[in-house]
There are 2 protein chains.
Amino acid sequence: MKEIEKTLENKSVRPTAMRILIYKYLAEKEVAISLTDIETAFAKAERTTLYRTLKTFEDKGVVHQIDDGTGIQKYALCEPGCNCDLEQDLHLHFHCNNCDETVCLTEHKIPHINLPEGYIAEDANLVLKGICEKCSGQ
Amino acid sequence: MKEIEKTLENKSVRPTAMRILIYKYLAEKEVAISLTDIETAFAKAERTTLYRTLKTFEDKGVVHQIDDGTGIQKYALCEPGCNCDLEQDLHLHFHCNNCDETVCLTEHKIPHINLPEGYIAEDANLVLKGICEKCSGQ
DNA sequence: GCAATAAATGCACTTCCGTTGCATAATTAG
DNA sequence: CTAATTATGCAACGGAAGTGCATTTATTGC
């Protein structure tokens with residue numbers, strides 16, 4: 001358990017009780033988590049606290065934000081050594097139209113795209129949608 | 001002007017005055033348009049009408065919806081011969097972090113991705129973010 | 001052309017989610 | 001121990017999407 005505290009401190013996030021719980025929650029799930037998910041899981045806690053915890057995690061590089069096209073912001077723990085801000089580290093995400101879950105495919109990087117003259121790319125987001133392995137029955 | 005009416009009728013959308021106006025508006029802009037944009041441009045019209053017009057256009061394949069990661073739904077006219085529902089026709093979109101506009105790069109298709117075992121892709125969305133040609137000063 | 005039918009529009013709400021302001025509690029630094 | 005910083009709790013706001021229902025407008029069958 002002290003593990004988590006250290007991880008948070010390394011990223012200069014004060015390891016409060018709530019933050020440790022949320023970190024643990026994120027760690028057990030392999031899918032991208034929305035604020036509403038966390039709200040449901042921690043029904044007793046304040047929405048704002050959860051909200052700000054996620055924002056803090058995001059700012060400090062504990063999680064990365066995922067836009068999976070549902071219009072709902074989701075988050076997932078950064079892998080050790082993840083540099084989500086660097087273009088090379090941009091992995092793609094898969095959103096299942098059946099179970100509505102989104103997963104990081106961290107080994108699949110976004111291919112480089114040759115843009116027309118004048119366009120400067122700084123960031124990219126690629127989401128594939130379809131049926132995930134769980135739902136395709138494999 | 002009868003052009004537009006025919007286009008709409010071809011897609012089995014009744015060419016009402018409002019719809020023709022909105023179509024014209026979309027046609028002059030080369031960028032993706034949000035409901036709010038249209039609301040501003042047609043301040044006198046009812047929000048719901050504009051909203052439902054866009055939905056109708058989308059249903060009937062007059063426009064395609066664009067998720068550019070801003071969290072705001074945008075729309076752009078389908079090119080003649082556009083099959084936005086087919087995977088092969090998925091082009092990418094570019095969102096400018098400076099002027100906040102989003103454009104279709106219709107010639108740039110989304111590259112094919114090899115997914116892990118069990119994943120079935122049905123749809124894809126690729127958005128590049130950065131500085132567009134207008135803003136990069138070219 | 002006229003009544004019956006269907007489609008489009010207008011108006012009033014609702015809901016969902018993200019976000020902010022401010023007071024209080026807890027933690028850390030001096 | 002006190003002052004200063006940071007986290008939390010509570011209340012409220014705001015934007016955007018969406019729905020229900022009455023009314024107007026257009027279309028179809030006669």
Side-chain angles (χ1 to χ4, degrees), chain A residues 4-25 32-60 62-76 95 100 102, chain B residues 2 4-25 32-60 62-76 95 100-102:
Chain A
I4 296 177
E5 292 190 31
K6 276 189 183 164
T7 312
L8 291 180
E9 271 168 358
N10 284 342
K11 307 235 180 181
S12 39
V13 173
R14 284 222 295 243
T16 66
M18 199 68 242
R19 287 173 176 175
I20 292 171
L21 283 174
I22 294 178
Y23 189 100
K24 271 180 71 176
Y25 178 78
I33 299 295
S34 70
L35 177 58
T36 310
D37 292 334
I38 297 196
E39 241 178 291
T40 310
F42 299 92
K44 285 178 274 184
E46 255 320 287
R47 225 168 66 83
T48 319
T49 306
L50 304 174
Y51 170 75
R52 285 198 250 242
T53 301
L54 285 175
K55 285 294 170 198
T56 306
F57 280 8
E58 189 189 359
D59 282 353
K60 300 301 171 64
V62 177
V63 301
H64 60 271
Q65 219 235 54
I66 296 165
D67 167 27
D68 64 1
T70 58
I72 293 163
Q73 294 180 199
K74 298 191 179 163
Y75 301 86
H95 177 77
D100 210 51
T102 302
Chain B
K2 296 291 176 190
I4 295 177
E5 291 189 32
K6 276 188 183 164
T7 312
L8 289 180
E9 271 168 359
N10 284 342
K11 308 235 180 181
S12 41
V13 173
R14 284 225 289 245
T16 66
M18 198 69 242
R19 287 173 176 176
I20 293 170
L21 283 175
I22 294 179
Y23 190 99
K24 270 180 71 176
Y25 179 78
I33 300 296
S34 70
L35 178 58
T36 310
D37 293 334
I38 297 195
E39 241 178 291
T40 310
F42 299 92
K44 284 178 274 183
E46 255 318 289
R47 226 172 61 80
T48 320
T49 306
L50 303 174
Y51 171 75
R52 285 199 250 240
T53 300
L54 285 176
K55 286 293 170 200
T56 306
F57 279 7
E58 189 189 358
D59 283 353
K60 299 301 173 64
V62 178
V63 301
H64 59 271
Q65 219 234 56
I66 296 165
D67 166 26
D68 64 1
T70 59
I72 293 162
Q73 293 180 200
K74 299 190 179 165
Y75 302 86
H95 176 78
D100 210 49
E101 288 185 340
T102 302

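The sequence lines fix the lettering, A, B, ..., with proteins before strands; numbering per chain opens at 1. Because only heavy atoms are used, hydrogens play no part in the values below, and waters and symmetry mates are left out as well, while side chains stay in.
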If I take atom [atom1] from residue [X] and atom [atom2] from residue [Y], how far apart are they, to the nearest 0.5 angstrom?
| X | Y | atom1 | atom2 | result |
| --- | --- | --- | --- | --- |
| Ile22(A) | Tyr25(A) | CD1 | OH | 10.5 Å |
| Thr49(B) | Ile38(B) | OG1 | CD1 | 12.0 Å |
| Lys55(B) | Gln73(B) | NZ | CD | 4.5 Å |
| Thr36(B) | Ile72(B) | OG1 | CD1 | 6.0 Å |

- Message: Please enumerate all residues that pass side chain to side chain donor-acceptor pair (under 3.5 Å) together with Thr70(A), with sequence neighbours excluded.
- Response: Asp68(A)
- Counting just side-chain N and O atoms, does Thr16(B) come under 4.0 Å of either OP1 or OP2 of dT25(D)? no
- Message: So, does Thr49(B) get its side chain near the phosphate of dG10(C), meaning an N or O under 4.0 Å from OP1 or OP2?
- Response: yes
- Query: Is the backbone N or O of Ile66(A) less than 3.5 Å from a side-chain atom of Lys74(A), with the two atoms forming a donor-acceptor pair by type?
  - Reply: no
Would you kindly give the [atom1]-to-[atom2] distance between [X] and [N], to the nearest whole Å?
| X | N | atom1 | atom2 | value |
| --- | --- | --- | --- | --- |
| Ile20(B) | dT9(C) | CD1 | C1' | 15 Å |
| Leu50(B) | dA17(D) | CG | C1' | 14 Å |
| Ile38(B) | dT9(C) | CD1 | P | 13 Å |
| Glu9(A) | dT6(D) | CD | P | 15 Å |
| Arg19(B) | dG10(C) | CZ | P | 11 Å |

- Message: For a quick check, with a 4.0 angstrom heavy-atom cut-off, what is the B/S/- contact string for nucleotides 11-21 of chain C, read 5' to 3'?
- Response: BB----SBBBB
- Query: Should Glu9(A) and Lys6(A) count as an ion pair when the cut-off is N to O under 4.0 Å?
  - Reply: no
- Would you mind reading off the bend of the helix from dG1(C)-dC30(D) to dG30(C)-dC1(D) from its two end axes, five pairs each, to 10 degrees? 30°
- Using distance alone, with no hydrogens and no angle criterion, decide if Asp59(B) and Thr56(B) have a side-chain donor and acceptor under 3.5 Å apart. no
